[in-house]
Every structure is written in C-alpha cells, then in structure tokens.
Amino acid sequence: MRHYLDVDDLTSEEFRAVISLADKSASDLGRPYDGLGVACVFEKPSARTRNSTEMAVVQLGGHPVYIIDAEVGIDSRESAEDVARTLGCYHASLCARVFDHSMLERMAATDALPVVNLLSDFSHPLQALADVLTIRAELGVDSLEGKVITYVGDANNVTRSLAQAVGHLGGTMRVVAPSGYQFSEIDIEQLRGGGLTLELFDRPADGLPGSDVVYTDTWISMGDEGEREERLRAFEGFMVDQAMLSTAGSGAIFLHCLPAHRGEEVSAEVLDGPQSRIWSQAANRLDAVRAVLAWLTIVNSAS
Ligand code: CP
Ligand code: NVA
C-alpha cells in the first residue's frame, strides 16, 4: 500500500504524475471517493491544511471527518496502530497532523489504509507540493532546471519537504540559516544523495543574489514555543524585509507557507507587497491535496 508521508516517498516520475493531476480541474478528476470517508486527525491547529483537505475530499465525492486528538487519544486512549486499524474500518484514507513523525510511520505500517502527512515535526509534503505548483505557475516554467529557490530562516519541516520537491523538479535549493538552525549533516547527505543541488549559507547577503524565489517560514514552529526567546535572538538579522529581498532582484517572488508573523520572520512590506505570491500559494493547497488523494486511489487500486 502506498502512503504520502514525505515527498521522497515518490519517485521523481511519480511526483510529476501528481503534479499533472494537480493541474487538472476538480471535475476532471471525477469522484474516486464517492460514498467513502476520509479521517482527518489533528494533534495541532490548522487553517489551510484542514480546510483544503476537507474541501478536496468533498470535491472527490467523499466525506471528510475531522477528529481532534483528544477524541481518539493516539497512544493514550489506544495505540497509534489501533487508531489506524479502527479508522480503516470506516474510511478510505487517514490524513493526520502530528507532533512526532514516527507516529505517522507506525500508522502507515499497519497498511490498514493509506496515510497522508498533514504536517509533522519532520516534514510538510502537501505544503511542498503546493509550493512547487506556485513556483511553476508564477515563473511560467514546467521544470525548475536553472531556477534558484532560496529559503531564509529555520531549516525545518517545511524546508525539508520543499528541498525534496525542488530536487524532483531539477532546481537548486539554497538554505540561509544561522548556526544551529541549518539542516543536519544527515539531511544534507540525504538531500544531496537524492540528486538535489543544495547550497548552504549563514548570511542572507551571500545567499540571496541570483534567487528566483525567496521563501521563509516561522522561526518558532508548533512544538518549539518553549524556545521562543532564544530563537528570536538567534534569528536576529534574518527577517526578510524589502532591503533583503531587493538583493535577490526585482524579478524574484516571495513565498511563505503561512501563518506569518509580520515583523518577525518577514516584514509586512514584503508579505503584502508586489513580489509576494502567498495567496496563490495558499490557494494551491487545495489542488495539491486533491491531487495526492486522487493519486493514492490510482496507485493503490493498481497494486
Ligand atoms: N501552511 C499550513 O500548513 O497552514 P495551517 O497550519 O494553517 O494548516
Ligand atoms: N514550520 C511550521 C509550519 C506551519 C504550517 C510549524 O511546523 O509550525
């Protein structure tokens, strides 16, 4: 059984097949979930992910059921495996947002139903799919060959998935992060081993020139709240403001997965300015999750 826990669960060819599905309209995808349920389990809050996932299920003919963790009690009321097996009795897919990525792996290992990662501490693969859909549309390209995508800030779950997606499409990924917040050696080895051109910087002035896309995310991810003060200190000088963005050139676009914190990782001027494409990016979340859910029905019915 195939799942979507990480972008790299797919080959580059499969990732491009999902992009082709995302390029289709909802009506062209038909109703593969007709009469079926999709369980949407959330251990953390969400605006974009919950709403895009629920609406994608509706567009594919299915019925989403929103479940907060307090209700099912993953690993407290019963094991993650038994939650997956239970939901597999009623649903065609399980979509989950969790703190610990290994919980998704354990649920997927039951093969009770296909599991989709709605964000974990490790990765955010639906966001990355929406990100590359946005980059392709906004830059007017199909592949990312010759394009430079520069992420400024905390090398986190969003960054890791974005790097994998950029790698599948042949682009160059730069990460500009202060010491202690850059990708780990293991990440670097895995990403480069997968064929990604990955360039690392610790000064925005070095990383931004020549970028086609400048991307940032919060410095304080869900689960990191206890480190707020030390993180604000560590990221001093890393806010993407107009002066920083201008070093990338006037043709560069700005992306942010949202939610954004104006005056922390990005200035209001950039977030709400002419180079920002954040609302196309947010809208593309719907196309992304609809494509992944449709693709899972195709690959899992073929196997
Ligand atoms: N970008 C994103 O995943 O947003 P939410 O946390 O609101 O779902
Ligand atoms: N890195 C952020 C992304 C939020 C969509 C987090 O994990 O909280």
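Every number for a ligand or one of its atoms is a count from 1 in the order of the listing.
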Mind jotting down which protein residues get a heavy-atom contact under 4.0 Å with ligand 1? Chain and number order, please.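 Ligand 1 pocket, heavy atoms under 4.0 Å: Ser46, Ala47, Arg48, Thr49, Arg97, His124, Gln127, Cys257, Leu258, Arg285.
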For a quick test of reading the model, state the closest non-hydrogen atom pair linking [X] to [Y] and the distance between them.
X	Y	result
Leu198	Arg192	O-NH2, 2.8 Å
Arg174	Gly207	NH1-O, 2.6 Å
Ile220	Arg231	CG1-CD, 4.0 Å

Consider only side-chain heavy atoms of I, L, V, M, F, W and Y, link residues closer than 4.5 Å, and tell whether Ile135 and Ile19 are in one cluster.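 Same cluster: Ile135 reaches Ile19 through Ile, Leu, Val, Met, Phe, Trp or Tyr contacts under 4.5 Å.
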Given the rule that I, L, V, M, F, W and Y join up when any side-chain heavy atoms are under 4.5 Å apart, are Leu104 and Val292 in one cluster?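 Cluster IDs for Leu104 and Val292 differ.
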Please state whether the rings of Phe235 and Trp219 are parallel, tilted or perpendicular, taking 30° and 60° as the class boundaries.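 Rings of Phe235 and Trp219: parallel, under 30°.
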Every residue of the protein that comes under 4.0 Å of ligand 2, judged on heavy atoms: Leu119, Asn156, Asn157, Val158, Asp217, Thr218, Ser221, Met222, Leu258
Non-neighbouring partners of His101 that pass side chain to side chain donor-acceptor pair (under 3.5 Å), sequence neighbours left out: Asp6, Ser120
The reported gap from CG in Asp142 to OG in Ser20 (rounded to nearest 0.5 angstrom) is 8.0 Å
Contacts table for residues 264-274: side-chain donor-acceptor under 3.5 angstrom, sequence neighbours left out:
residue	atom	partner	partner atom	Å
Glu264	OE2	Arg228	NH2	2.6
Glu265	OE1	His261	ND1	3.4
Glu265	OE2	His256	NE2	2.7
Glu265	OE2	His261	N	2.9
Glu265	OE2	His261	ND1	3.2
Ser267	OG	Val270	N	3.2
Asp272	OD1	Arg262	NH2	2.8
Asp272	OD2	Arg262	NE	3.0

